[in-house]
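Below: the structure, in structure tokens.
All of these numbers come straight from a predicted model, not from anything done at the bench. We're numbering straight along the sequence, starting at 1.
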Amino acid sequence: MEILDICDELGNPTGKTVEREIAHQQGILHRTAHVWILRKKNKIQILLQKRSEQKDSFPGCYDISSAGHIPAGDNYGQSAVRELKEELGIVVRESELIDCGNRRFHFEEIFHGRLFKDNQVSKIFVLWKDLEEKDFVFVDHEVSEVKWLDFEKCYQDVKENKINHCIYIEELDIVKKYL
């Protein structure tokens with residue numbers, strides 16, 4: 001059972017907690033950390049992960065390089081570092097993460113026959129890491145594959161829905177402003 005801090009509109013914990021499943025059933029505001037991995041190979045490239053078919057939301061879709069919920073009591077950076085290791089098998093220091101700001105969003109959709117209400121404040125990080133696709137290890141089986149795309153191609157593909165994805169263009173806009 002995963003316990004999350006309930007947070008305010010700015011992403012600050014309120015002192016109350018909730019089970020992850022209940023947060024998504026009731027749409028309770030909680031926190032996540034999103035890490036976009038970049039590298040420079042002639043052009044700037046961005047790493048996308050493909051979510052496994054077993055995920056509770058957006059199974060089989062291309063997504064953020066690494067993302068995860070913040071367990072109660074943890075901070076954004078700690079959680080981002082943990083998720084990178086769990087999802088992609090890479091070890092980084094919190095100091096390597098570049099904070100690009102927060103993003104607040106809410107959506108509701110049906111997955112696996114059940115209503116899923118996501119209501120979160122996400123801290124957006126950038127991480128520069130020049131690794132090959134074969135260097136990533138999918139430790140927790142939440143990720144089925146990763147692929148590098150030129151940033152501009154990824155941006156256009158997401159904007160024009162040319163790939164099966166669950167990426168918000170507003171988040172790529174945040175990364176683009178950083179670049």
Side-chain angles (χ1 to χ4, degrees), residues 2 4-5 7-13 20 29-51 55 57-58 61-107 118-140 142-143 145-159 163 165-179:
E2 202 172 344
L4 310 176
D5 286 315
C7 68
D8 65 19
E9 294 289 323
L10 299 175
N12 301 308
R20 175 182 170 163
L29 189 59
H30 58 283
R31 303 173 301 151
T32 60
H34 295 180
V35 181
W36 292 95
I37 301 175
L38 304 173
R39 72 178 183 182
K40 184 136 176 133
K41 294 276 187 187
N42 295 327
K43 296 180 179 181
I44 293 176
Q45 295 182 327
I46 191 165
L47 185 79
L48 300 184
Q49 68 160 259
K50 187 173 185 184
R51 298 167 65 86
K55 291 294 288 181
S57 63
F58 299 105
C61 291
Y62 281 102
D63 200 0
I64 300 159
S65 308
S66 177
H69 290 81
I70 312 289
D74 277 4
N75 68 38
Y76 290 104
Q78 289 172 311
S79 185
V81 167
R82 186 191 71 256
E83 289 292 334
L84 285 162
K85 184 173 184 182
E86 288 176 6
E87 290 182 352
L88 302 176
I90 62 173
V91 176
V92 301
R93 294 180 311 280
E94 202 172 325
S95 60
E96 294 177 75
L97 301 172
I98 300 164
D99 183 346
C100 295
N102 289 357
R103 181 172 168 270
R104 167 83 171 82
F105 70 97
H106 174 84
F107 79 87
D118 204 3
N119 190 15
Q120 60 180 259
V121 175
S122 301
K123 172 75 71 187
I124 313 302
F125 293 105
V126 162
L127 172 68
W128 290 93
K129 210 63 157 166
D130 187 8
L131 297 170
E132 298 303 320
E133 292 169 3
K134 66 177 177 47
D135 296 329
F136 296 97
V137 178
F138 313 131
V139 179
D140 66 4
E142 291 186 17
V143 178
E145 67 180 71
V146 293
K147 73 175 180 176
W148 289 104
L149 288 175
D150 287 344
F151 182 84
E152 289 303 323
K153 176 171 178 26
C154 176
Y155 189 89
Q156 286 306 314
D157 285 355
V158 167
K159 191 174 185 177
I163 58 173
H165 71 91
C166 56
I167 299 167
Y168 290 90
I169 197 70
E170 296 86 1
E171 197 150 324
L172 284 177
D173 284 334
I174 291 169
V175 174
K176 195 173 193 174
K177 283 181 191 173
Y178 160 76
L179 297 176

Between SG of Cys100 and CD1 of Ile174, what distance do you get to the nearest 0.5 Å? 8.0 Å
Which pairs pass ring pair (Phe, Tyr, Trp, His ring centres under 6.0 Å) with one or both residues in residues 84-105, sequence neighbours excluded? Phe105-Tyr168
Distance in Å, Phe107 CZ paired with Asp118 CG, rounded so as to fall on 0.5 Å steps: 4.5 Å
Determine which pairs satisfy ring pair (Phe, Tyr, Trp, His ring centres under 6.0 Å) with at least one residue from residues 77-97, sequence neighbours left out, and list them in order. none
Between the side chain of Glu96 and the main-chain N/O of Arg93, is any donor-acceptor distance below 3.5 Å? yes
Student check: side-chain heavy atoms of Leu84 and Leu97 closer than 4.5 Å: yes
Taking Ser66 as the fixed residue, which of Lys85, Glu87, His34 is the one that meets the side-chain hydrogen bond (donor to acceptor under 3.5 Å, both in side chains) rule? Glu87
CA sep, side-chain torsions, deciding dist, call: Ile44, Trp128, side chain to side chain contact (heavy atoms under 4.5 Å, CB included): CA-CA 10 Å; Ile44 293 176; Trp128 290 93; 4.1 Å; yes
Given 3.5 Å as the limit, does a donor-acceptor pair link the side chain of Arg51 with the main chain of Phe58, or not? yes
Report yes if some heavy atom in the side chain of Asn102 is under 4.5 Å from a heavy atom in the side chain of Leu10; otherwise report no. no
Derivation and outcome, side-chain hydrogen bond (donor to acceptor under 3.5 Å, both in side chains), residues Thr32 and Gln120: CA-CA 7 Å; Thr32 60; Gln120 60 180 259; 2.5 Å; yes
Hits for salt bridge (Lys or Arg N to Asp or Glu O under 4.0 Å) against Glu94, two or more places apart or cross-chain, chain-then-number order -> none
Among all residues two or more places apart in sequence or in another chain, which pass the salt bridge (Lys or Arg N to Asp or Glu O under 4.0 Å) test with Glu2? Arg20
If I take atom CD1 from residue Ile98 and atom CG from residue Leu38, how far apart are they, to the nearest 0.5 angstrom? 8.0 Å
Atom CD1 of Ile64 and atom CD1 of Ile124: how far apart are they, to the nearest 0.5 Å? 6.5 Å
Residues passing the side chain to side chain donor-acceptor pair (under 3.5 Å) test with Tyr76, sequence neighbours excluded, are none
Using the rule given for salt bridge (charged side-chain N to carboxylate O under 4.0 Å, His left out), can you reason through Glu142 versus Lys55, listing the C-alpha separation, both sets of side-chain angles and the distance that settles it, and then say yes or no? CA-CA 7 Å; Glu142 291 186 17; Lys55 291 294 288 181; 2.9 Å; yes
Side chains of Leu172 and Trp36 in contact at under 4.5 Å (non-hydrogen atoms): yes
Check side chain to side chain donor-acceptor pair (under 3.5 Å) between Glu86 and all other residues, then give those that pass, not counting sequence neighbours. Arg82
Roughly how far, to the nearest 0.5 Å, is the CD atom of Glu171 from the OG atom of Ser122? 6.0 Å
Side chains of Arg31 and Pro13: closer than 4.5 Å at any heavy-atom pair? yes
Of all residues at least two apart in sequence or in a different chain, which pass the side chain to side chain contact (heavy atoms under 4.5 Å, CB included) check with Asp157? Lys153, Lys162, Ile163
Look at the side chain of Asp5 and the backbone N and O of Gly73, then say whether any donor-acceptor pair between them is shorter than 3.5 Å. yes
Please check: side-chain N/O of Asn75 versus main-chain N/O of Gly77, any donor-acceptor pairing under 3.5 Å? yes
Look up atom NZ in Lys159 and atom CD1 in Ile167, then write down how far apart they are to the nearest 0.5 Å. 15.0 Å
Do side-chain atoms of Glu83 reach the backbone of Ala33 as a donor and acceptor pair under 3.5 angstrom? no
Going by the rule salt bridge (Lys or Arg N to Asp or Glu O under 4.0 Å), which residues pair with Glu132 if we only count those two or more places apart in sequence or in a different chain? Arg39, Lys41
Start with the C-alpha gap between Tyr155 and Ile169, add the side-chain angles, then the distance that decides, and say whether side chain to side chain contact (heavy atoms under 4.5 Å, CB included) holds. CA-CA 7 Å; Tyr155 189 89; Ile169 197 70; 3.6 Å; yes
Could you walk me through whether Ser65 and Gln49 pass the side-chain hydrogen bond (donor to acceptor under 3.5 Å, both in side chains) check? CA-CA 5 Å; Ser65 308; Gln49 68 160 259; over 6 Å; no
Identify, with sequence neighbours excluded, every residue that meets side chain to side chain donor-acceptor pair (under 3.5 Å) alongside Glu9. Arg104
Do Cys154 and Leu48 have side chains that get closer than 4.5 Å, going by heavy atoms? yes
I'd like to check the salt bridge (Lys or Arg N to Asp or Glu O under 4.0 Å) partners of Lys50; sequence neighbours left out, ordered by chain and number. none
Minimal heavy-atom distance between Ser79 and Gly68, with the atoms involved, is OG-O, 4.4 Å
Using the test ring-ring contact (aromatic ring centres under 6.0 Å, His included), find all partners of His30 that sit at least two apart in sequence or belong to another chain. His24, His69
With a distance cut-off below 6.0 Å to the six-membered ring centre and an angular limit of 45° from the axis, does Lys176 pair with Phe151 as a cation-pi contact? no
Assess whether ring pair (Phe, Tyr, Trp, His ring centres under 6.0 Å) is satisfied between Tyr178 and Phe125, documenting all intermediate values. CA-CA 10 Å; Tyr178 160 76; Phe125 293 105; over 10 Å; no
Between Glu133 and Trp148, is there a donor-acceptor pair closer than 3.5 Å when you use the side chain of the first and the backbone of the second? yes
So do the side chains of Leu88 and Ile37 get within less than 4.5 Å of each other, counting heavy atoms only? yes
Asn12: what forms a side chain to side chain donor-acceptor pair (under 3.5 Å) with it, not counting sequence neighbours? Asp8
